[in-house]
Amino acid sequence: MEGFKQCFALFYPNLCLACGQSSPPKKEIICLSCQNKLPKTFFHLDKDNPFAERFWGRLPIWAAGALYHFSRGGRTQQLIHHLKYHNKPDIGRQLGQYYGQELAQSDLFRPIDIIVPVPLHPRKKHQRGYNQSDAFAQGLSVGLGKPWLKDGLGRRAFTHTQTQKSRQERMENVMTAFEIKKPKQLAHRHILLVDDVITTGATLEACGLQLLALEGTHLSLATIGFAGY
């Protein structure tokens, strides 16, 4: 059996999911080098950060934070690609737990009552097998010590990929795509709405508007990646 394990490791090594080159420590997904080199934003320490500024005049939010900066071809994109397309929801849970512990130390995020992920349409969730944003929300729940509500929001329209769309096209694509599924569990709460990455912010804005229509709600946002325009 030991020989089989060594042979398996030779052809299928446990490599870092960010760089694909070095082996991470046991039970980790990222090697020590990437843990030091991944571009952390530290947005959770600054109320008026670039993430929050993206929603000025669009959505009244309390706080916004992203774990890493996102750039095409970079380590953050590699992590999110594995999370979404390579059946690795543990990436979301591990990064969520890590970031939740950081958010717990920020005065901006202490008022959070409940964590809600951006939903996938049932067809896309069936294809993927899980919602990557929900995996991130689960980890945040552990790190922050706050409950998460996986089905607080629902997606009633199947929307095509947002990747090549402009901000206006993205808004038109998602504005009527979401609905509240558990209003009694969300009213009068400070909600942390989470997604895997923010680009134009169209999806978060569409979901946020639905949540803020509930009585007495406040809204904060968190993602794994923050992409510049």
Side-chain angles (χ1 to χ4, degrees), residues 16-18 24-56 59-71 74-80 83 89-118 131-150 152 185-186 188-198 201 204 207-208 211-212 216-228:
C16 171
L17 296 178
K26 189 175 181 180
K27 296 184 179 180
E28 297 286 337
I29 59 172
I30 304 172
C31 70
L32 292 175
S33 176
C34 285
Q35 289 179 26
N36 291 323
K37 292 180 180 178
L38 276 162
K40 295 176 69 174
T41 71
F42 298 101
F43 287 166
H44 62 288
L45 301 178
D46 179 11
K47 186 173 181 64
D48 297 327
N49 61 63
F51 189 160
E53 289 176 5
R54 193 161 291 182
F55 291 91
W56 286 359
L59 194 67
I61 59 174
W62 179 269
L67 178 55
Y68 299 125
H69 288 285
F70 178 100
S71 60
R75 288 175 168 87
T76 305
Q77 185 185 35
Q78 294 303 312
L79 282 174
I80 293 177
L83 168 63
D90 281 348
I91 294 174
R93 286 189 280 266
Q94 285 195 30
L95 294 180
Q97 183 170 351
Y98 171 71
Y99 197 39
Q101 291 169 348
E102 290 204 341
L103 296 184
Q105 304 303 312
S106 168
D107 291 338
L108 294 174
F109 288 86
R110 289 202 178 115
I112 298 298
D113 295 313
I114 194 165
I115 303 166
V116 175
V118 167
N131 176 2
Q132 74 277 0
S133 298
D134 184 54
F136 183 49
Q138 290 178 49
L140 284 168
S141 176
V142 174
L144 262 174
K146 303 289 185 177
W148 106 94
L149 189 63
K150 66 183 297 183
Q185 293 174 254
L186 294 172
H188 302 285
R189 311 295 291 276
H190 188 141
I191 301 163
L192 180 63
L193 176 65
V194 305
D195 205 357
D196 53 356
V197 62
I198 172 180
L204 288 170
C207 290
L211 294 169
L212 287 171
T217 53
H218 298 281
L219 185 69
S220 291
L221 309 173
T223 62
I224 297 171
F226 174 83

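Worth saying up front: this structure is predicted, and the values here are computed from it rather than measured. Numbers for residues simply follow the sequence, beginning at 1.
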Evaluate the side-chain contact (heavy atoms from CB on, under 4.5 Å) criterion for residues T223 and V197: first the C-alpha distance (whole Å), next the side-chain angles of each, then the deciding distance (0.1 Å), finally the verdict. CA-CA 5 Å; T223 62; V197 62; 5.6 Å; no
Answer with yes or no whether the side chains of Y98 and Q94 bring together a donor and an acceptor at under 3.5 Å. no
Measuring from [X]:[atom1] to [Y]:[atom2], what's the distance to the nearest 0.5 Å?
| X | Y | atom1 | atom2 | result |
| --- | --- | --- | --- | --- |
| D113 | H190 | CG | NE2 | 7.5 Å |
| I115 | S133 | CD1 | OG | 13.0 Å |
| F109 | L221 | CZ | CG | 8.0 Å |
| Q138 | D90 | CD | CG | 9.5 Å |
| L193 | T217 | CG | OG1 | 11.0 Å |
| L79 | C16 | CG | SG | 7.0 Å |

Heavy-atom pair of closest approach, residues [X] and [Y]:
| X | Y | answer |
| --- | --- | --- |
| Q101 | Q105 | O-CG, 3.4 Å |
| L186 | G152 | CD1-O, 3.8 Å |
| A64 | I61 | CB-CD1, 3.9 Å |
| L83 | P89 | CD1-CA, 3.9 Å |
| V118 | N131 | O-ND2, 3.0 Å |
| I29 | I91 | CD1-CA, 3.7 Å |

Is any side-chain heavy atom of [X] less than 4.5 Å from a side-chain heavy atom of [Y]?
| X | Y | answer |
| --- | --- | --- |
| L149 | I191 | no |
| Y68 | R75 | no |
| P25 | Q35 | yes |
| L59 | L204 | no |
| P117 | F136 | no |
| I198 | F70 | no |

For the pair [X] (side chain) and [Y] (backbone), establish whether a donor and an acceptor sit closer than 3.5 Å, ignoring hydrogens and angles.
| X | Y | answer |
| --- | --- | --- |
| S141 | K146 | yes |
| K47 | W62 | yes |
| N49 | G65 | no |
| Y99 | L140 | no |
| T41 | A66 | yes |

Worked verdict on H69 versus T76 for side chain to side chain donor-acceptor pair (under 3.5 Å): CA-CA 7 Å; H69 288 285; T76 305; over 6 Å; no
Is the centre of the F51 ring less than 6.0 Å from the centre of the H44 ring? no
